[in-house]
Novice: 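Attaching a single structure in structure tokens format; questions to follow.
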Amino acid sequence: MLTAMKAPLLAKLRRCLGRENVLTEPSELVVYECDGYTIEKNQPDAVVFPRSAEQVAEVVRLCNEYDVPVIPRAAGTSLAGGCLPVGGGVVVMLTRMNRILEIDLRNRMAVVEAGVPNLQLSRALAGTGYHFAPDPSSQVASTIGGNAATNAGGPHTLKYGVTVNHVLGAEAVLGDGSIIQCGPLPEPAGLDLIGVLVGSEGTLAILTKLWVRLTPNPQDYRTLRVIFNSVDDATNAIGDIIAAGIIPAAMELMDRGIVEAVEAAFHFGFPLDAEAIVVIELDGLSVSLDWQQRLVVELCNKWHAREVLQASTRAERELLWKCRKMAVGAVGRLSPSYCIQDGVVPRTQLPRILARVTEISGKHQVRIVNVAHAGDGNVHPILLFDERDKEQVARVLAAGEDILEECIRCGGSVTAEHGIGVEKLALMDRLFGPTDLTAMRRVRDAFNPAGRLNPGKLLPSANGDQTFRVGASRRALP
Amino acid sequence: MNQNPESSVSPATVELPLKEAVEPADQEAVAGIIERAWKDGIPVYPWGGCTQMGRGARAVEPGMGLSLRGLNRLVDYPSRDLTVTVEAGLTVAELRHTLARHNQRLPVDIPNAATATIGGAVAASVAGPRQFRWGTLRDYVIGVRAVDGSGMVFSGGGRVVKNAAGYDLCRLLTGSYGTLAVLVQLTLMVKPMPEETAFVIVEASDHGDAERILAHLVRTRTLPSAVELLAGPAWESLGDGLASRGGFWIAVGLEGSPDEVSWMVDQLQAEWREAGVALWHTLHGDEAWAFWDRLTEFPWKAASNNGDGELLVQFHVFPSAVCELVQRLRASQPRASIQAHAGNGVVLARLDIAAEQAAAMVEQNLRPMSASLGGRAIVLKQPRGSDLSRQAIFGPAPPGWQVMQAIKRQFDPKGILNRGRFLLG
């Protein structure tokens with residue numbers, strides 16, 4: 001808790017934002033003790049709800065004055081502890097900055113406050129012929145600012161890229177409380193600060209407004225559900241499709257374990273004995289989709305596809321996507337707690353990493369089910385456990401670490417789209433060398449020299465001492 | 001020291017005050033050279049194919065010339081992963097050739113491919129017409145290895161197409177003109193090669209007409225790879241005397257499978273007929289591929305005099321302001337040759353101008369013109385004999401300038417990398 005010395009800070013925050021926009025009661029703060037990564041928890045000292053960049057800047061200045069950490073947060077759907085208040089501090093909620101300021105079709109651009117939910121922008125764009133391409137599975141709740149802070153992906157990144165490919169400009173509050181605007185026009189004379197801010201997990205600045213690129217809607221879709229008798233067949237087919245020069249909008253793999261969970265929860269009618277189901281979506285010009293589909297089916301059949309089913313109506317397509325996007329939630333049926341991992345390997349290493357996940361599951365006696373943005377080589381093994389059992393938690397952490405180390409050995413990375421947060425701090429110096437991390441620390445020090453913006457995230461401290469570690473009893477990583 | 005005498009660089013081409021020029025054969029040697037320069041406090045001027053050396057101010061302080069052309073290895077090309085890892089000094093033509101053997105490409109237009117190196121293109125963030133659909137090099141560089149201003153070798157990113165681990169050093173270094181670090185190795189995302197291409201070209205009588213046509217394209221059902229607005233003497237050879245009548249061409253580049261391209265050509269022609277737009281010409285096959293080359297080479301293919309008398313300026317405005325900017329440019333400079341990547345708001349203007357008039361032209365005429373439309377302007381190439389200041393070349397410091405300077409101090413504490421040439425030099 002804040003010491004009594006910090007009481008003047010709270011008084012100033014209330015004066016700046018209004019009493020109702022500053023939470024300090026433990027019963028109110030409990031909601032903010034973690035994000036979607038629930039293995040570690042810690043309450044902040046206060047939560048504030050600014051309504052403008054100026055208010056965010058004032059909060060940052062006040063926190064500087066009292067040497068208190070500032071943790072930006074919006075929907076809290078992040079999965080790596082990126083908004084965990086590790087050392088306490090003030091959580092800055094961006095959710096009330098939720099206005100869509102402009103939709104400018106002529107310039108194929110929208111201007112939004114950071115707290116606008118992803119899906120709200122999509123809805124506002126309905127009928128315009130354009131959409132905002134990043135579509136993380138959390139899109140109902142997660143915000144554009146949060147998507148940018150974590151460089152969020154989603155199923156359709158295979159063809160359309162991740163969030164950074166769709167951000168043209170950003171207004172941000174820096175560590176000293178100053179406000180900068182980068183973009184939306186490209187900066188031909190300086191550095192690409194937007195490219196660095198996107199994915200920086202709130203450790204460089206607090207994003208308050210974004211200029212985002214709008215993408216034309218595809219003219220048509222072909223959505224296929226393909227059943228394979230083995231995960232290997234499925235990943236081989238996926239590799240062949242990419243190698244043939246076809247870039248589907250999405251290729252999503254679900255293994256038998258996750259299909260069981262989805263069936264138990266939603267009764268979509270998936271066969272329970274299927275070892276792997278792949279949802280393949282082709283999109284683009286109608287004229288090319290038929291031959292692309294023929295080729296995709298041919299390649300699936302080459303790898304012994306048991307059944308290829310095409311969604312023939314819009315409702316069927318939406319059902320397939322609903323099933324995929326709700327798959328993780330359905331895991332609640334299988335287990336009281338789960339940890340969704342996020343690893344990425346070169347596409348051709350997909351068979352190897354999934355085989356290793358199976359071995360790791362056996363080694364640590366942890367049940368693991370898999371979904372994957374397979375076309376990108378992005379795997380999401382979901383580790384099932386009971387968080388009340390400390391010994392199980394330790395095994396889950398060890399298994400997760402083994403999986404990510406294997407991703408590194410395959411030439412991949414420890415996160416494709418969830419970020420480092422606190423969860424993966426200990427893996428950073430296995431993925432990167434000392435000089436690589438030095439280069440990143442320089443970037444942080446340039447933006448956030450005092451280190452009060454979201455401390456203890458993304459970068460391990462230079463001396464290897466994780467100052468802000470909490471919940472040591474739940475923490476298996478050294 | 002490892003040197004390759006075969007490809008020694010003539011200082012006349014490079015126009016740098018060199019004490020010495022070296023061409024190391026491996027990455028470690030690059031680090032060693034920069035470390036020594038750092039210890040001695042001597043400026044280092046890196047280059048690749050020297051095709052973009054016209055950018056930036058003329059360096060004054062004598063220093064070490066560092067050619068990266070000795071680093072020309074293809075490190076790894078797992079084509080089924082759609083990624084390629086290369087050393088920075090590989091020429092763009094060699095890279096294209098390698099990718100083409102697997103029916104793949106890097107869909108970024110880089111002029112002078114036979115001499116331009118991939119590292120140089122990334123350092124300058126070179127982009128052309130295809131950025132409308134395919135983005136810029138910032139969207140393709142997924143891994144870097146570089147040497148900072150003290151000789152420290154570091155990497156960023158990796159070899160996977162999606163990576164959220166740590167800060168994006170790839171984007172930070174792309175377009176930083178070698179002022180933070182010297183690129184030695186890159187991993188790039190690549191794309192399948194389209195089989196077919198075509199251009200549908202229409203004419204616009206004036207800028208209002210051009211804006212009407214471009215605004216109409218927002219609703220097109222086709223997927224253009226490029227939306228170009230062309231005007232001025234350099235395009236006279238397109239025919240029919242339009243240039244001399246003060247008109248514009250709008251060229252829409254289409255790429256894809258033969259079915260897709262053929263459908264898009266028909267569709268676009270139909271959309272424009274319906275809108276009452278006068279069709280001028282459609283280019284197919286080899287003619288269309290050649291037109292891509294012409295559009296790519298425009299900025300550097302000088303009309304006369306080997307380009308020595310030319311000023312090349314690049315403007316950035318919102319796409320909706322492109323026609324207005326081009327109109328003002330032509331009113332002020334009727335002989336300017338103009339190419340706008342109109343869908344992206346990038347306008348390139350080539351002007352024949354006396355060296356001593358260049359500074360006034362940029363600072364009193366062109367830059368205020370773009371500023372009045374909310375845009376920015378930088379000089380990509382100045383006439384031989386002129387000596388524009390960094391301020392004249394790049395204009396006022398951009399937003400976030402203090403952060404940029406802080407990053408510069410972190411990566412190049414003695415300021416030896418490209419000293420005096422760029423805003424952050």
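Chain A is the first sequence line, chain B the second, and so forth, proteins listed ahead of strands; every chain is numbered from 1.
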Novice: Over 60° means perpendicular and under 30° means parallel, so classify the ring planes of B/His102 and B/Tyr77, tilted if in between.
Specialist: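 Ring orientation, 0 to 90° scale: perpendicular.
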Novice: Looking at A/Gly195, A/Ala416, A/Ala189, A/Ala446, which has the largest count of heavy-atom pairs under 4.5 Å with chain B?
Specialist: A/Ala416
Novice: Looking at A/Ile420, A/Asn107, A/Ile180, which has the largest count of heavy-atom pairs under 4.5 Å with chain B?
Specialist: A/Asn107
Novice: Is there a donor-acceptor pair closer than 3.5 Å between any side-chain N or O of B/Thr220 and the backbone N or O of B/Leu217?
Specialist: no
Novice: Which atoms of A/Val162 come close to chain B, meaning under 4.5 Å heavy atom to heavy atom: side chain ones, backbone ones, both, or neither?
Specialist: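 Answer is side chain: those atoms of A/Val162 sit under 4.5 Å from chain B.
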Novice: Check whether A/Met440 gets within reach of chain B through its side chain, its backbone, both or neither, counting any heavy atom under 4.5 Å.
Specialist: both
Novice: Indicate the ring-plane relationship of A/His380 and A/His418, choosing parallel, tilted or perpendicular according to the 30° and 60° boundaries.
Specialist: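 Aromatic pair A/His380/A/His418 classed parallel.
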Novice: Centroid separation under 6.0 Å, is that true for the rings of A/Phe447 and B/Tyr167?
Specialist: no
Novice: Please check if the side chain of A/Gln219 supplies one atom and the backbone of A/Ser286 the other of a donor-acceptor pair under 3.5 Å.
Specialist: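 Yes; judged by distance alone, with no hydrogens or angles, the pair exists.
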Novice: Any donor-acceptor pair under 3.5 Å linking the side chain of B/Gln405 with the backbone of B/Ile407?
Specialist: no
Novice: Does B/Arg138 use its side chain to pair, donor to acceptor, with the backbone of A/Asn165 at less than 3.5 Å?
Specialist: no
Novice: Given that the side chain runs from C-beta out, which part of B/Met189 has a heavy atom under 4.5 Å from chain A: side chain, backbone, both or neither?
Specialist: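 Looking at B/Met189, nothing touches chain A.
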Novice: Highest number of heavy-atom pairs under 4.5 Å with chain B: which of A/Pro184, A/Pro186, A/Ser178?
Specialist: A/Pro186
Novice: Can you tell which of A/Gly239, A/Gly199, A/Pro346, A/Pro434 has the highest number of heavy-atom pairs within less than 4.5 Å of chain B?
Specialist: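 Most heavy-atom pairs under 4.5 Å with chain B: A/Pro346.
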Novice: Sort A/Asn378 into side chain, backbone, both or neither according to what part of it lies under 4.5 angstrom from a heavy atom of chain B.
Specialist: side chain
Novice: Picking from A/Thr438, A/Asp445, A/Ile246, A/Val164, which has the most non-hydrogen pairs under 4.5 angstrom with chain B?
Specialist: A/Val164
Novice: Of all the heavy-atom pairs spanning A/Leu404 and A/Asp342, show the shortest one and how long it is.
Specialist: CD2-O, 3.8 Å
Novice: In terms of heavy-atom pairs under 4.5 Å, which option from A/Thr150, A/Thr203, A/Leu174 contacts chain B the most?
Specialist: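 Looking at each of A/Thr150, A/Thr203, A/Leu174 in turn, A/Thr203 comes out on top.
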Novice: For A/Ile247, which atoms come within 4.5 Å of any heavy atom of chain B: side chain, backbone, both, or neither?
Specialist: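 Side chain only.
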Novice: Taking side chain as everything from C-beta outward and backbone as N, CA, C, O, which of these in A/Leu191 sits under 4.5 Å from a heavy atom of chain B? Side chain, backbone, both or neither.
Specialist: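 Both parts, heavy atoms under 4.5 Å.
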Novice: Under 4.5 Å heavy-atom distance to chain B, tell me which part of A/Thr157 shows up: side chain, backbone, both or neither.
Specialist: side chain
Novice: Does any heavy atom of chain B fall under 4.5 Å from the side chain of A/Arg108, the backbone, both, or neither of them?
Specialist: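 Side chain only.
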Novice: Counting only non-hydrogen atoms closer than 4.5 Å, does A/Asp104 touch chain B with its backbone (N, CA, C, O), its side chain (CB onward), both, or neither?
Specialist: neither
Novice: Under 4.5 Å from any heavy atom of chain B, what part of A/Ile242 do you find: side chain, backbone, both or neither?
Specialist: both
Novice: Under a 4.5 Å heavy-atom cut-off, does chain B meet the side chain of A/Leu193, its backbone, both or neither?
Specialist: side chain
Novice: Any chance you could measure A/Arg352, atom CZ, to A/Cys407, atom SG, to the nearest 0.5 Å?
Specialist: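 One gets 10.0 Å once the value is rounded to the nearest 0.5 Å.
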Novice: How long is the gap from CD1 on A/Ile194 to CG on A/Leu207, to the nearest 0.5 Å?
Specialist: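 Going from CD1 on A/Ile194 over to CG on A/Leu207, the span is 10.0 Å.
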